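What follows is a short report on a single structure.
The chains referred to below are lettered A, B, ... by the order of the sequence lines, with proteins before strands, and numbering in each begins at 1. Keep in mind that what you see is a predicted model, and the values were worked out from it rather than measured. What's counted below: heavy atoms across the whole structure, side chains too, no hydrogens, waters or symmetry copies.
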Amino acid sequence: MPMKKVMKGNEAAAWAAKLAKPKVIAAFPITPSTLVPEKISEFVANGELDAEFIKVESEHSAISACVGASAAGVRTFTATASQGLALMHEILFIAAGMRLPIVMAIGNRALSAPINIWNDWQDTISERDTGWIQFYAENNQEALDLILIAFKVAEDERVLLPAMTGFDAFILTHTVEPVEIPDQELVDEFLGEYKPKHAYLDPKRPITQGTLGFPAHYMEARYKVWEAMENAREVIKEAFEEFEKKFGRKYQMVEEYKTDDAEIIMITMGSLAGTLKEFVDKKREEGVKIGAAKITVYRPFPIEEIRALAKKAKVLAILEKDVSFGSGGAVFADVARSLINEKEKPIILDFIIGLGGRDVTFEQLEEALGIAEKAIKEGVEEDVYWIGLRKEIL
Amino acid sequence: MAVRKPPITTREYWAPGHAACAGCGCAIIMRLATKAFSEAMEEKYGDPDAFAIAHATGCMEVVSAVFPYTAWKAPWIHVAFENAAAVASGVEAAWKKLGYKGKILAFGGDGGTADIGLQALSGMLERRHNVVYIMYDNEAYMNTGIQRSSSTPYGAWTTTSPPGKYSIGEDKPKKWVALIAAAHQIPYVATASIADPYDLYRKVKKAAKIDGPAFLQIHGPCVPGWRIPPEKTVEVAKLAIETGVWPLFEIENGDIRNIKFQRFPKDGKFKKPIEEYLKLQGRFKHLLKNPEAIQELKEQIKEMWRVLGKEVELP
Amino acid sequence: MMIEVRFHGRGGQGAVTAANILAEAAFLEGKYVQAFPFFGVERRGAPVTAFTRIDEKPIRIKTQIYEPDIVVVLDPSLLETVDVTAGLKEGGIVIVNTEKSKEEVLEKLKKKPAKLALVDATGIALEILGLPITNTSILGAFAKATGIVKIESVETAIKETFSGELGEKNAKAAREAFEKTVVYEL
Amino acid sequence: MAESPFKADIERAQKELTEKMTPGAIAYIPGSSVINKTGSWRVFKPEFNKDKCVRCFLCYTYCPEPAIYLDEENYPVFDYDYCKGCGICANECPTKAITMVREVK
């Protein structure tokens, strides 16, 4: 029987790691993710998890050791956030390029400066081009589930790419919620053992990993990563279906909420989706035709799902906790890019919100909604809207 | 007449067809170190192939692993410049879990070891991974075209330490990573040189047979970087030892009071002047016109020996 | 109806743990729960806020709590420096660890609650635990004042959080506080 | 006739090596660099005088390629497919059994 426990998001991630039975874990503490390696250390210390836990001296070495272990042919896991993820940046590209299905849990946290330990998505968003599959969790249950699913997808022969699952700093990492811990036997069935055919370091089959790619070969190697990421779309859907059959919880690339007759659809990711659904309920009671959509899988970006969504509404309002300076929100860019060649497309609005732990309240959502309603009548005034900005201290 | 047997194994893990420069000193290290490793693995585990290599970005990586080719006949992985020690840590941990008997060999140049990879190296040594780390020391960033590293010797020309009106060339003393490694009190630290290939071979073998981490700093001249003719690679390395420029030693468990020296003159007097070493190399050409700088270099070498516990005389 | 609780304490008194244990206790009674600290850098002695949400249906909202139904004050000195009733809903409940009288406490509150519960949680904690850590005793007061969770659930949740003798002692402190809490309908 | 220790590698590489892109750009054929006949780099060529050889193995030990292997009697064999003509062997030979000569191509 699955066990239900009240736990923090970080504990849920550690439980996911335990259930997935990685053979090597390498991690370095960083707020807000520190509890993940702490909890895993406990599991290892108690003999509940039979793994080598490498207590590395930096995040750069954490991901490097994971690359080494994964390349040697075993399932590996790590956790980090923010500056730690940024320090890994170089190796993230390499892990994907070497086609190593490492899984990483991220407590989504803002980047310095100024130093800030609270939630936004700038850390993972900034790694969107590395070739890692990206999942974003709405709550602690999703954090656990999407880490298991990340292993399943990453290790699929058609994919073989690393994957990260993000869950919001403090809002999830440090918040306790009831979480159902799946049965180990079912997880074992779901994931199977990692037995790579392509990459392992065995003296009986001496292969060379991490070659130099000349201009004559580099593009093909990168195309292979592209192809794998494209394949991931189908593999993720299959994994979601299998997960639902086994564990009863349904996941979708994009989860829609009251969108069918919506004039305005607000699109977001992560824990903000929960608040947004409550907001939609409230506005529906007031007679506002509003819906919500949650992007669960950000890489590969759910292009088709966004196209389908766009057909339903007059406005797509993107609420995102990240910014690409000099351009706008990254999710906005992806949504806009998905629709650019559509014959008919809705107004797309770019809202930067909740950076660095700024609590996203109903007042802020009202502000965004007001702008969306006005845009229908009077058109779009700004390329990018910063919501909840304290203009008085600027 | 009986057939004489070579003192090293005839097994090869470093295949020809690689793109190292003619006369490359570090290619000699690659070949001899892997041979020695395999002999150790055979003696220890009965399997000469029981090892894998983690390699830092650098000359030897670039010349040996150009897709779809590889010069390596052992399982081998390269990830980045600064993380060979961390990658080796991961491979070792995985092998432990897989139940493999064997050892991991890590290679990094002086750039990847003394500079950008020093932190990862320290972490790997401190955590006591079962890895032999070999720093092939050609005394500059040769892969990017001869820029100074912290392992570049005093007075040497490099493209980022050019001699000029206000410069004598590299103006800092050479950093000895072997001593930093020894400070981790790991089982075995040694220096070696291609000048004495059988000493090198013995030391790699010894390191490979030890349980736990070992570190070797091995002198490997670079033909273009040192501006030497290709046939002089070994000769110049020999002169480094004979003039006192390159010490050969072993430190066990960090015990720096009991350093074992090889080819050290009994009376502490080196017979050949360092000028003989310098004059073979274009990188020191400007120095020969600068007796003060040569004197300074000599003082630094004496100081290096003093740190090692030896008073020496240089002619 | 969702119930939102705000805890005020000082770093080291266990306000965050109190919020978590309350969530656990309500969870044991089949409720949906959520608990979280005010997302800050917790330092010993500094004012700390923590929150618990309890509901009959899954809790989706992820904002902080601005209009609590119940406020729990773990440290009496906070009444001097923090507006603990900020945003308190009409008909709200305030639970205070204090030796002071109802009148003295009310004088310090900016907003008058519908119900005020007082207990000397520090005294109980010192007596039973030997430490002025009031998070478990105040939960006894919470059970008494609100009836939202049973004292037995609080005791079980405490024992699940702290193992062995520590759990027993803390559960005892909660029970003791439950008995000693005085509730005033205002 | 002595055989190159890389004979099997050469045969395998000739047979199996392709440019087909593998996942992770992994090179699967060990020692496949043998396909590259680096002997073409050479300007000077080592000439070996067996009569002078004392089988000290220094040339064999030092060769960075390696392009020197040993025959049945452990005399050095020079593999001109790969010898880049660096001249270390000649420079280090204690009996001058190896000389570097300008190669006429």
Under a 4.5 Å heavy-atom criterion, the part of residues 114-137 of chain B in contact with chain A comprises B:Gln119, B:Ala120, B:Gly123, B:Arg127, B:His129
For this session: Determine whether A:Met98 and B:Ile77 make a side-chain contact, defined as any pair of heavy atoms from C-beta on separated by less than 4.5 Å.
Result: yes
If one checks every heavy atom of B:Lys96 against chain A at 4.5 Å, the contacting part turns out to be side chain
Comparing A:Leu201, A:Val24, A:Ile207 against chain B, the one with the most heavy-atom pairs below 4.5 Å turns out to be A:Leu201
Looking only at heavy atoms, the pair that brings B:Pro68 and A:His217 closest together is CD-CE1, 4.0 Å
Quiz item: Should we say atom CD of A:Glu185 is surrounded by more than 12 heavy atoms from elsewhere, each under 6.0 Å from it?
Solution: no
For B:Pro75 and A:Pro206, the nearest pair of non-hydrogen atoms, with its separation, is N-CB, 3.4 Å
Greatest number of non-hydrogen atom pairs under 4.5 angstrom with chain B, of A:Val74, A:Asp202, A:Val67, falls to A:Asp202
Query raised in the report: Heavy atoms, side chains only, cut-off 4.5 Å: are B:Glu82 and A:Ser64 in contact?
Result: no
message = For B:Ile180, I'd like to know if atom CD1 has over 12 heavy atoms of other residues, nucleotides or ligands within 6.0 Å.
response = yes
Open item on the list: Walk me through whether A:Ile91 and B:Val79 qualify under side chain to side chain contact (heavy atoms under 4.5 Å, CB included).
Closed with: CA-CA 8 Å; A:Ile91 309 304; B:Val79 178; 4.3 Å; yes
Assert top hit (heavy-atom pairs under 4.5 Å, partner chain B, pool A:Lys204, A:Arg75, A:Glu57) equals A:Glu57
Residue from B:Ser64, B:Ala74, B:Ser89 scoring the most non-hydrogen pairs under 4.5 Å with chain A is B:Ala74
From the list B:Tyr13, B:Trp95, B:Tyr69, the residue making the most non-hydrogen contacts under 4.5 Å with chain A is B:Trp95
On a heavy-atom basis, the closest approach of A:Ile54 and B:Gly90 is CD1-CA, 3.9 Å
Listed by number, the residues in residues 31-51 of chain B that come under 4.5 Å of chain A (heavy atom to heavy atom) are B:Asp49, B:Ala50, B:Phe51
Contact check, side chains of A:Thr208 and B:His78, non-hydrogen atoms, under 4.5 Å: no
Bottom line for A:Ala51: the part with an atom under 4.5 Å from chain B's heavy atoms is backbone
